[in-house]
Amino acid sequence: MRKILSVLLSIVAVFIMCSCAVVSQTAPGTEYGSFTIEKTSSYDGKYYAYMTQHDDMIVVNIYSADDEEVFTFEPCRKWDFWGICWENDSYNLWVQSGDLGVLCYTMSDEVWSLDLDAVRPDYIVSKYDD
């Protein structure tokens with residue numbers, strides 16, 4: 001009986017080690033699609049954005065290239081947040097949320113506002129796209 005238990009525990013240990021090896025081979029960031037949770041710059045480098053947390057909310061902070069805070073907004077709860085992404089040719093900033101979907105914040109006079117009519121460009125890939 002002791003030998004059988006030892007063999008079973010060995011098999012389970014090998015299975016766990018193999019599972020961890022497969023997970024560690026996954027490229028970092030691929031689970032976010034085009035989105036990132038890291039600091040990211042607009043197409044021309046004029047602005048950069050990154051997220052912080054405040055209580056249960058995600059806060060997106062937008063700064064100018066000379067590190068002056070320009071705008072801040074709270075797009076979603078922290079457990080629903082899956083990253084931000086700039087458009088390639090505008091200052092539109094997209095937010096990926098597990099409960100709200102992919103939302104666009106457009107800029108006018110250095111104020112970013114939710115734009116429910118925005119159409120996501122094909123090159124911006126959500127983690128939920130096939």
Side-chain angles (χ1 to χ4, degrees):
M1 183 60 124
R2 188 178 258 180
K3 287 183 182 181
I4 293 173
L5 183 57
S6 177
V7 169
L8 287 175
L9 287 175
S10 297
I11 291 170
V12 168
V14 168
F15 177 76
I16 290 171
M17 287 188 301
C18 290
S19 297
C20 291
V22 169
V23 170
S24 67
Q25 292 174 6
T26 303
T30 57
E31 67 272 16
Y32 296 103
S34 298
F35 295 79
T36 183
I37 59 171
E38 305 296 326
K39 176 180 167 182
T40 182
S41 295
S42 62
Y43 73 98
D44 60 356
K46 184 174 180 179
Y47 301 103
Y48 65 89
Y50 69 93
M51 59 67 105
T52 57
Q53 297 179 29
H54 179 72
D55 296 326
D56 290 338
M57 296 298 290
I58 287 295
V59 178
V60 175
N61 305 287
I62 300 174
Y63 288 82
S64 63
D66 57 358
D67 298 325
E68 290 189 37
E69 185 176 279
V70 176
F71 195 74
T72 300
F73 63 97
E74 293 182 351
C76 62
R77 299 175 300 189
K78 67 182 178 185
W79 50 82
D80 294 316
F81 181 71
W82 284 99
I84 54 179
C85 177
W86 293 96
E87 284 190 15
N88 289 347
D89 58 357
S90 75
Y91 300 120
N92 290 347
L93 186 66
W94 292 81
V95 175
Q96 182 170 221
S97 169
D99 66 339
L100 301 173
V102 179
L103 301 173
C104 180
Y105 287 80
T106 57
M107 189 269 284
S108 176
D109 296 324
E110 294 191 326
V111 173
W112 277 260
S113 303
L114 180 59
D115 182 355
L116 295 174
D117 296 323
V119 177
R120 179 170 41 122
D122 292 338
Y123 59 83
I124 295 181
V125 179
S126 166
K127 73 181 249 91
Y128 302 106
D129 293 344
D130 292 333

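By convention here, the first residue in the shown sequence is residue 1. Hydrogens, waters and symmetry mates are skipped; everything else that's a heavy atom, side chains included, is used. Remember, it's a predicted structure, so these values are computed and weren't measured experimentally.
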*Asks:* Rounded to the nearest 0.5 Å, what separation is found between the CD1 atom of I124 and the SG atom of C85?
*Replies:*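 Result: 4.0 Å between the selected atoms.
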*Asks:* Does the side chain of K46 come within less than 4.5 Å of Y91's, by heavy atoms?
*Replies:*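 Touching, per the 4.5 Å side-chain cut-off.
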*Asks:* Considering non-hydrogen atoms only, spot the tightest contact between D89 and Y43 and give its length.
*Replies:*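 Smallest interatomic distance, heavy atoms only, reads C-CE2, 3.7 Å.
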*Asks:* Assess whether atom CG of D66 is packed by more than 12 heavy atoms of other residues, nucleotides or ligands within 6.0 Å.
*Replies:*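 Count over threshold, so yes.
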*Asks:* Closest heavy-atom contact between E38 and T36?
*Replies:*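 Heavy atoms only, the tightest pair is N-OG1, 2.9 Å.
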*Asks:* Measure across A118 and C104 and return the closest heavy-atom pair with its distance rounded to 0.1 Å.
*Replies:*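 So the two residues come closest at CB-CB, 3.5 Å.
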*Asks:* Measuring from atom OG of S97 to atom CG of D80, what distance do you get when rounded to the nearest 0.5 angstrom?
*Replies:*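 S97 atom OG to D80 atom CG measures 4.5 Å (nearest 0.5 Å).
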*Asks:* Only one of N61, T40, V60 clears side-chain contact (heavy atoms from CB on, under 4.5 Å) with Y50; which?
*Replies:*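 Going through the options one by one, the only one that passes is N61.
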*Asks:* Is I62 close to F73 at the side-chain level, that is, under 4.5 Å between some pair of heavy atoms?
*Replies:*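 F73 vs I62: side chains touch.
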*Asks:* Taking all atoms of both residues into account, what is the closest heavy-atom pair of S126 and Q96, and its distance?
*Replies:*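 Taking S126 first and Q96 second, the nearest heavy atoms are OG-OE1, 2.8 Å.
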*Asks:* Measure the spacing between OG1 of T106 and CG of L116 and express it to the nearest 0.5 Å.
*Replies:*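 If we round to the nearest 0.5 Å, T106:OG1 and L116:CG are 10.0 Å apart.
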*Asks:* Could you point out which residue of Y48, Y63, Y47 forms a side-chain contact (heavy atoms from CB on, under 4.5 Å) with V70?
*Replies:*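 It is Y47; the other options fail the test.
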*Asks:* Which heavy atom in P121 sits nearest to a heavy atom in W94, and how many Å separate them?
*Replies:*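 Scanning both residues, the minimum pair turns out to be CD-CZ2, 3.9 Å.
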*Asks:* Between D56 and W79, is any pair of side-chain heavy atoms under 4.5 Å apart?
*Replies:*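 Answer yes - side chains close enough.
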*Asks:* Any idea which heavy atoms bring P75 and I58 closest together, and the distance?
*Replies:*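 Looking at all heavy atoms of both residues, the closest pair is CD-O, 3.3 Å.
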*Asks:* Could you check whether any side-chain heavy atom of R77 comes within less than 4.5 Å of a side-chain heavy atom of M57, counting everything from C-beta outward?
*Replies:*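 Yes; the side chains approach each other to less than 4.5 Å.
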*Asks:* Is the shortest heavy-atom distance from the side chain of E87 to the side chain of Y123 under 4.5 Å?
*Replies:*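 Of all side-chain heavy-atom pairs linking Y123 with E87, at least one is under 4.5 Å.
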*Asks:* Does any part of the side chain of F35, heavy atoms only, come nearer than 4.5 Å to the side chain of V95, both counted from C-beta?
*Replies:*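 SC-SC contact between V95 and F35 ruled out.
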